[in-house]
Amino acid sequence: KQYYRITSAGTYNLPAASTNFDTTTQARIKIKNISGGSITIAVNGSDIIRDTTGNVTSINVLDGEFFTIICASLSEWDAN
């Protein structure tokens, strides 16, 4: 598990899903945005993020929001 407190607005790239996928211990990245503005979490290469809107390549996280993303396969991340 990894936890990040983001203190500067901007875009942050996820690591490649292929280097984080493990069938026994799902890789989880937790992010708390305390930047005072929005941040963007973007995929690496051709990976995708599956969220409530479908397949996306980035997610906007507002100031004060807490966000968890789970590596679901060799090329996919699941977002809450």
Side-chain angles (χ1 to χ4, degrees):
K1 295 179 185 177
Q2 299 172 35
Y3 176 71
Y4 297 95
R5 294 176 74 229
I6 306 296
T7 58
S8 297
T11 299
Y12 297 86
N13 293 321
L14 291 167
S18 61
T19 62
N20 284 276
F21 182 66
D22 183 333
T23 57
T24 57
T25 57
Q26 292 178 318
R28 295 173 188 263
I29 298 174
K30 297 179 180 188
I31 298 165
K32 173 77 176 189
N33 179 6
I34 57 169
S35 69
S38 294
I39 62 172
T40 300
I41 306 299
V43 298
N44 188 306
S46 62
D47 288 354
I48 60 167
I49 298 171
R50 293 184 187 275
D51 72 358
T52 57
T53 64
N55 297 342
V56 296
T57 56
S58 65
I59 291 181
N60 190 47
V61 182
L62 301 176
D63 184 49
E65 287 186 334
F66 183 78
F67 174 78
T68 301
I69 193 158
I70 301 167
C71 189
S73 77
L74 292 172
S75 61
E76 299 172 334
W77 292 92
D78 286 342
N80 63 342

Please report the C-alpha distance between Tyr4 and Ile29 in whole Å, then the side-chain angles of each, then the deciding distance to 0.1 Å, and finally whether the side chain to side chain contact (heavy atoms under 4.5 Å, CB included) criterion is met.
-> CA-CA 8 Å; Tyr4 297 95; Ile29 298 174; 3.9 Å; yes

Step-by-step side chain to side chain contact (heavy atoms under 4.5 Å, CB included) determination, Asp51 to Val56 | CA-CA 7 Å; Asp51 72 358; Val56 296; 4.1 Å; yes

Does the side chain to side chain contact (heavy atoms under 4.5 Å, CB included) test come out yes or no for Arg50 and Glu76, once each step is laid out?
-> CA-CA 7 Å; Arg50 293 184 187 275; Glu76 299 172 334; 2.4 Å; yes

Yes or no on side chain to side chain contact (heavy atoms under 4.5 Å, CB included) for Asn80 and Phe67, after CA distance, side-chain angles and deciding distance?
-> CA-CA 7 Å; Asn80 63 342; Phe67 174 78; 3.7 Å; yes

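A distance of 12.0 Å separates OG1 of Thr68 from CD of Gln2, quoted to the nearest 0.5 Å. Gln26 CD to Phe21 CZ: the interatomic distance, rounded to the nearest 0.5 Å, is 7.5 Å. Annotation: the span from Tyr12 atom OH to Ser35 atom OG amounts to 7.0 Å, rounded to 0.5 Å.
Looking at Ile69 and Leu14, their side chains come closer than 4.5 Å, going by heavy atoms from C-beta outward. Looking only at side-chain heavy atoms (C-beta outward), Ile39 and Ser8 stay at 4.5 Å or farther from each other. Within the 4.5 Å cutoff, the side chain of Ser38 has heavy atoms near those of the Asn60 side chain.
Ala17 and Ser73 make their closest contact through CB-O, 3.6 Å (heavy atoms, listed as atom of the first residue, atom of the second, distance). Gly36 and Asp63 get closest at one heavy-atom pair: N-OD1, 2.8 Å.
A donor-acceptor pair is defined here as one N or O able to donate and one able to accept, closer than 3.5 Å; no such pair exists between the side chain of Asn44 and the backbone of Pro15. Within the 3.5 Å criterion, the main-chain N or O of Gly37 finds a donor-acceptor partner in the side chain of Asn33.
Each of Asn20, Ile59, Ile41, Ile48 was evaluated against Trp77; a single residue qualifies, Asn20, per the side chain to side chain contact (heavy atoms under 4.5 Å, CB included) test.
Under the 4.5 Å side-chain heavy-atom criterion for Ile, Leu, Val, Met, Phe, Trp and Tyr, Ile6 and Val43 are members of the same hydrophobic cluster.
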